[in-house]
Amino acid sequence: MRLYKLKDDDGEIVVVAGLQHFSLKQIADSGQCFRMTALPVSDGIKESYSVCWGEHHVRVDATDTPEQFVFHCTEDEFRQTWYRYFCLDYDWYPLVQSGAVANTDTFLTNAIQYGGGIRILNQGLWETLICFMISQNNNIKRIAKSVDLLCQKYGTRKCDRGIEYYTFPSPPALIGADFSNLGLGYREAYFNELFLPNHASDFANWFIKVHTADSYETAKKLLMMTKGIGNKVADCICLYGLQHFEAYPIDTWMKKLIDDIYSGHFDTTPYASCAGYVQQLQFYYYRSLKKTKQGGC
DNA sequence: TCCCAGGCTTGGT
DNA sequence: ACCAAGCATGGG
């Protein structure tokens, strides 16, 4: 992977060349994140996405040159924010591919061929916590809508090189907040309880404990102590928020998949260091086979 | 009208 | 320990 710092009309840009196994569309549609939206493309650009995370925003283009991308931000922003967000320092692809072949797992082999441009995003504990509390028994389109409404109501409106966006609310902004009219449904009660004003210090302590937990198991246990966070949501938060790659979230799709493809049991131990990546590949591929029509995120 | 969506809590065995 | 109902809401 090579970086080139250039300038265009709007300011500094970073061109990334030789970035293998990276697909904006696949990441946007993978169901990990809910604030990545497609933009119209122009000449020389195959895909263009607006990516929001925390208070940050960037436009990223996939160019006509294979494995070449343009990040419309400064080199500092790229290195400090987006390189980490997209988890570009390590590529699990080769390990999982050779593992799938060694285990004669043709489904996984097909899955990585189909969706090998997926990365496990590093979205931080805070944003992952909120988004995946909303995600339970919900669909991706509606999750994205609720998250968007939340950002509009409690975030800050900003403009990045001509693109308007709202920052993700900070923790203090949600203490005692009004969670009605966000389309949360029955999940609203979970938010009201978690962000009760008189429990603000309890929340802060709990959050820090989760953040500094010494292991996946400890973090997961702590997460599941809160109402609204069960086994699956805790796994998603561990994986996307805390980089516990051994987490392997099982939702309704994964249940069906494991039933269908692996006759009821899938052993993650051969992929222990990257079980979450394997899960994403399986999830993404299986949905592509089964779904008739579905919006992205 | 019924069923499903990146499930969880609660209350029954 | 496992199982079922109920849970808001929107879309097919």
Side-chain angles (χ1 to χ4, degrees), chain A residues 25-36 111 114-115 118-125 127-150 153 178-196 206 210 219-262 264-266 268 275-297:
Chain A
K25 180 179 168 44
Q26 288 175 14
I27 293 168
D29 294 345
S30 68
Q32 288 177 69
C33 62
F34 307 100
R35 301 172 67 208
M36 194 167 165
Y114 179 79
I118 291 176
R119 297 299 183 110
I120 299 297
L121 301 178
N122 180 5
Q123 306 184 64
L125 176 58
E127 196 161 325
T128 317
L129 169 70
I130 303 300
C131 292
F132 281 90
M133 275 181 67
I134 296 172
S135 77
Q136 71 163 62
N137 195 23
N138 206 340
N139 61 66
I140 292 176
K141 205 183 267 183
R142 201 156 77 95
I143 298 163
K145 191 177 179 185
S146 288
V147 171
D148 197 42
L149 288 171
L150 185 72
K153 191 163 181 185
D178 172 21
F179 294 100
S180 63
N181 300 315
L182 301 175
L184 295 179
Y186 69 89
R187 305 160 198 82
E188 189 180 324
Y190 299 143
F191 283 85
N192 286 331
E193 183 167 339
L194 187 57
F195 294 112
L196 270 177
W206 170 81
V210 175
K220 184 170 174 180
K221 245 179 232 169
L222 281 165
L223 282 165
M224 288 176 66
M225 286 169 59
T226 358
K227 258 189 220 168
I229 302 179
N231 184 63
K232 188 268 174 183
V233 167
D235 270 336
C236 284
I237 297 170
C238 282
L239 182 56
Y240 310 130
L242 296 170
Q243 309 280 253
H244 291 307
F245 298 113
E246 62 266 56
Y248 185 81
I250 297 179
D251 69 327
T252 52
W253 286 95
M254 290 303 295
K255 270 200 193 85
K256 276 186 274 183
L257 182 156
I258 291 169
D259 243 26
D260 250 27
I261 311 292
Y262 299 100
H265 180 70
F266 179 76
T268 59
Y277 176 60
V278 170
Q279 187 271 2
Q280 271 305 112
L281 294 169
Q282 294 170 324
F283 175 80
Y284 184 75
Y285 183 50
Y286 191 70
R287 273 170 54 107
S288 80
L289 299 176
K290 296 295 175 182
K291 73 185 177 185
T292 48
K293 47 185 167 179
Q294 173 98 9
C297 75

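Basis for what follows: all heavy atoms, side chains included, without hydrogens, waters or symmetry-related copies. Quick note on labels: first sequence line is chain A, next is B, and so on, each numbered from 1.
- Relative orientation of the Trp253(A) and Phe283(A) rings is perpendicular, given thresholds of 30° and 60° on the angle between their planes.
- Among the protein residues, Gln280(A) comes within range of the nucleic acid bases, having at least one heavy atom under 4.0 Å from a base atom.
- Side-chain atoms of Lys227(A) lie closest to dT9(B) of the nucleotides dA5(B), dC8(B), dT9(B).
- Nucleotide dA5(B) holds its C1' atom 17 Å from the NZ atom of Lys290(A), rounded to whole Å.
- Across all strands, Gly228(A) comes closer than 4.0 Å only to sugar-phosphate atoms, never to a base (heavy-atom distances).
- Remark: the separation of the C1' atoms in dG11(C) and dC8(B) is 22 Å, to the nearest Å.
- No contact: Lys255(A) has no heavy atom under 4.0 Å from any strand.
- Between dC2(B) and dA5(C), the distance separating the two P atoms is 16 Å to the nearest Å.
- Residue contacts for Thr226(A): at a heavy-atom cut-off of 4.0 Å it reaches the sugar-phosphate backbone alone, with no base atom in range.
- Listed nucleotides dT9(C), dC8(B), dA5(B) differ in distance to Trp253(A); the shortest reach to its side chain belongs to dA5(B).
- Across all strands, Ile143(A) comes closer than 4.0 Å to no nucleic acid atom at all (heavy-atom distances).
- The CZ-C1' distance, from Phe132(A) to dG7(B), rounds to 13 Å in whole Å.
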Intermediate values then yes/no, side chain to side chain contact (heavy atoms under 4.5 Å, CB included), Gln136(A) and Tyr186(A): CA-CA 10 Å; Gln136(A) 71 163 62; Tyr186(A) 69 89; 2.5 Å; yes
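- The CG atom of Leu257(A) sits 14 Å away from the P atom of dA5(B) (whole-angstrom rounding).
- Applying the 4.0 Å criterion to OP1 and OP2 of dT9(C), one finds that Lys141(A) has every side-chain N and O outside that range.
- When distances run from any side-chain atom of Tyr186(A) to the nucleotides dA8(C), dT10(B), dA5(B), the shortest one goes to dA8(C).
- Within the nucleic acid shown, Tyr240(A) comes within 4.0 Å of at least one base atom, counting heavy atoms only.
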Stepwise side chain to side chain contact (heavy atoms under 4.5 Å, CB included) test for Tyr240(A) and Ile120(A): CA-CA 7 Å; Tyr240(A) 310 130; Ile120(A) 299 297; 4.1 Å; yes
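- With rounding to whole Å, Leu182(A) atom CG is found 12 Å from dT9(C) atom P.
- The aromatic rings of Tyr114(A) and Tyr284(A) are tilted relative to each other, their planes meeting at an angle between 30° and 60°.
- Distance Asp235(A) CG to dG7(B) P: 13 Å, rounded to the nearest Å.
- Ile250(A) has its side chain within reach of Lys255(A): a pair of non-hydrogen atoms, C-beta onward, lies under 4.5 Å apart.
- Around the NZ atom of Lys25(A), the shell of radius 6.0 Å holds no more than 12 heavy atoms that belong to other residues, nucleotides or ligands.
- Contact annotation: Ser135(A) does not reach the phosphate of dG7(B) (side-chain N/O to OP1 or OP2, under 4.0 Å).
- Nucleotide dC7(C) holds its C1' atom 13 Å from the CD atom of Glu188(A), rounded to whole Å.
- Atom P of nucleotide dA8(C) and atom CZ of Phe191(A) are separated by 15 Å, given to the nearest angstrom.
- The 5' end of DNA chain C is approached more closely, in terms of each residue's nearest nucleotide, by Asn137(A) than by the other of Asn137(A) and Lys145(A).
- Following rounding to the nearest Å, Leu129(A) (CG) and dG7(B) (C1') show an atom-to-atom distance of 16 Å.
- Of the two residues near DNA chain B, Arg142(A) and Met224(A), the one whose nearest nucleotide lies more 5' is Arg142(A).
- The 5' end of DNA chain B is approached more closely, in terms of each residue's nearest nucleotide, by Ile250(A) than by the other of Met225(A) and Ile250(A).
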